Number of protein chains: 2
Amino acid sequence: MKKHKEILSRFGINKTQFRIDLLSIFFDCKSSLTTHEIFERFNKKINKVTIYRALKSFEQKGLIHQVPDKNNLKKYSLCNLDSCSPDSHNHQHGHFICYSCDQTFCLDDSTIKIIKTSSGHIVKNYNLILEGYCTDCNSSQTIFQN
Amino acid sequence: MKKHKEILSRFGINKTQFRIDLLSIFFDCKSSLTTHEIFERFNKKINKVTIYRALKSFEQKGLIHQVPDKNNLKKYSLCNLDSCSPDSHNHQHGHFICYSCDQTFCLDDSTIKIIKTSSGHIVKNYNLILEGYCTDCNSSQTIFQN
DNA sequence: TAAGAAAACGCAAAAGTGTTGCGTTTATTA
DNA sequence: TAATAAACGCAACACTTTTGCGTTTTCTTA
């Protein structure tokens, strides 16, 4: 896809077939992926080392970022490509992980508001993981208030 | 210490010397611990497998819980012993990871307020990871507002 | 408090995740 | 299109975590 090639160029990454496909997978999934999941999506036809190196490269160039995972695996999400670059990552969104179907959903900025931390720490970045039951697995609405 | 033995009993864990000492370490620790850090605190005199099994047991019984770590290692913190049990963990608080010293701090409920999710998902637990510079590494105050 | 049952332990081995070195292939550039 | 740089595959390695098994310790209860 032409769009993906342009993005790779813009972020200074060589346009190999694998990296075009990898970016495409991130666009399709719109959430986070483990190296294992990526390996599976390529039907194990690609070397794992290649995946690890591509992910490291994508991350350094500001295309994807790591997301903490429940099982402590390396997991990556597509960045907001307008606000991330090799110089700085800026992520202001959360993820929702379903207990039942294990899917990960992206939550856009407006769903979450973090009012303040009074801890005295200097916050440079944040990452929010919500866990529970997704809309499909439990079709009711909730307002979560702390 | 008598208090620690009582807690182990209450959570249905056998009171071996190692597990008493391990619980004691968690009480002493301000933030969270990796298996490696625990191994070090026992001067490498205890088998690593024993540590892994004790942590798994403590977690299942509701005594400790996993916290996210920058380097994707398993890291554990003491639970709020009044709200966690073998049946359910209730962690609605954030973690702060320091860029400088790599420590993970638990932020209690009052420091963070999540106003709402309008996503339609049912939120059972949440995990908020804040990244930046901790009080010790950069001794100034901050209010973080989104 | 002694005996049987259950849990915890140590050791060795293995599984899983991620990294490094190196020679080859592919893409970029000029 | 030739030289340079980046990406790739393979093999080996490092590290964290898990599993199997026989032994030791703790718990239960009679």
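No hydrogens, no waters, no symmetry mates; every other heavy atom, side chains included, goes into these values. Letters go in sequence order (proteins before strands), and every chain restarts at 1. Every value quoted in this text rests on a predicted model; they were computed, and no experiment measured them.
A side-chain contact (heavy atoms from CB on, under 4.5 Å) with Ile38(A) is found for one member of Asp21(A), Ile51(A), Ile46(A) and no other, namely Ile51(A).
The nearest whole Å value for the distance from the NZ atom in Lys74(B) to the P atom in dT18(D) is 5 Å. Look at CZ on Phe18(B): it is 14 Å from P on dT26(D), rounded to the nearest Å. Atom CZ in Phe11(A) sits about 22 Å away from atom P in dA27(C), given to the nearest Å. Atom C1' of nucleotide dG10(C) and atom NZ of Lys45(B) are separated by 16 Å, given to the nearest angstrom. Going from atom CD1 of Ile51(B) over to atom C1' of dG10(C) covers 12 Å, rounded to whole Å. Between Glu40(A) atom CD and dT17(C) atom P the separation is 10 Å, expressed in whole Å. The separation between Leu33(B) atom CG and dT16(D) atom C1' is 17 Å, rounded to whole Å. Spacing between atom CG of Leu8(A) and atom P of dT26(C) amounts to 18 Å, rounded to whole angstrom units.
When the nucleotides dG9(D), dT19(C), dA8(C) are ranked by their closest atom to the side chain of Asn47(A), dG9(D) comes out on top. Checking dC8(D), dT17(C), dT18(D) against the side-chain heavy atoms of Val49(B) singles out dT18(D) as nearest. Closest to the side chain of Ile13(A), out of dC27(D), dG9(D), dA7(D), is dA7(D).
Nucleic acid contact class of Lys48(A) (heavy atoms, under 4.0 Å, all strands): none. The residue Asn14(B) sits close only to the backbone: its heavy atoms come under 4.0 Å of sugar-phosphate atoms, none of a base.
Checking Lys15(A) against Ser9(A) by side-chain atom types alone, a donor-acceptor pair falls below 3.5 Å.
Ring-plane geometry between Phe58(A) and Phe26(A) is classed as tilted, the angle between the planes lying from 30 to 60 degrees on a 0 to 90 degree scale.
Between Thr35(A) and dG18(C), a side-chain N or O to OP1/OP2 separation shorter than 4.0 Å is present.
Taking CG of Leu63(B) as the start and OG of Ser57(B) as the end, the distance is 8.5 Å to the nearest 0.5 Å.
Residue whose closest nucleotide on DNA chain C sits further toward the 5' end, between Thr16(B) and Tyr52(A): Thr16(B). When the nearest nucleotides of DNA chain D are assigned to Gln17(B) and Lys56(B) by heavy-atom distance, the more 5′-ward of the two goes with Lys56(B).
In the interface, the side chain of Arg53(A) is not paired with the base of dG18(C) through any donor and acceptor atom under 3.5 Å apart.
One finds no salt bridge joining Arg10(B) and Glu6(B) here, because no Lys/Arg side-chain nitrogen approaches an Asp/Glu carboxylate oxygen to under 4.0 Å.
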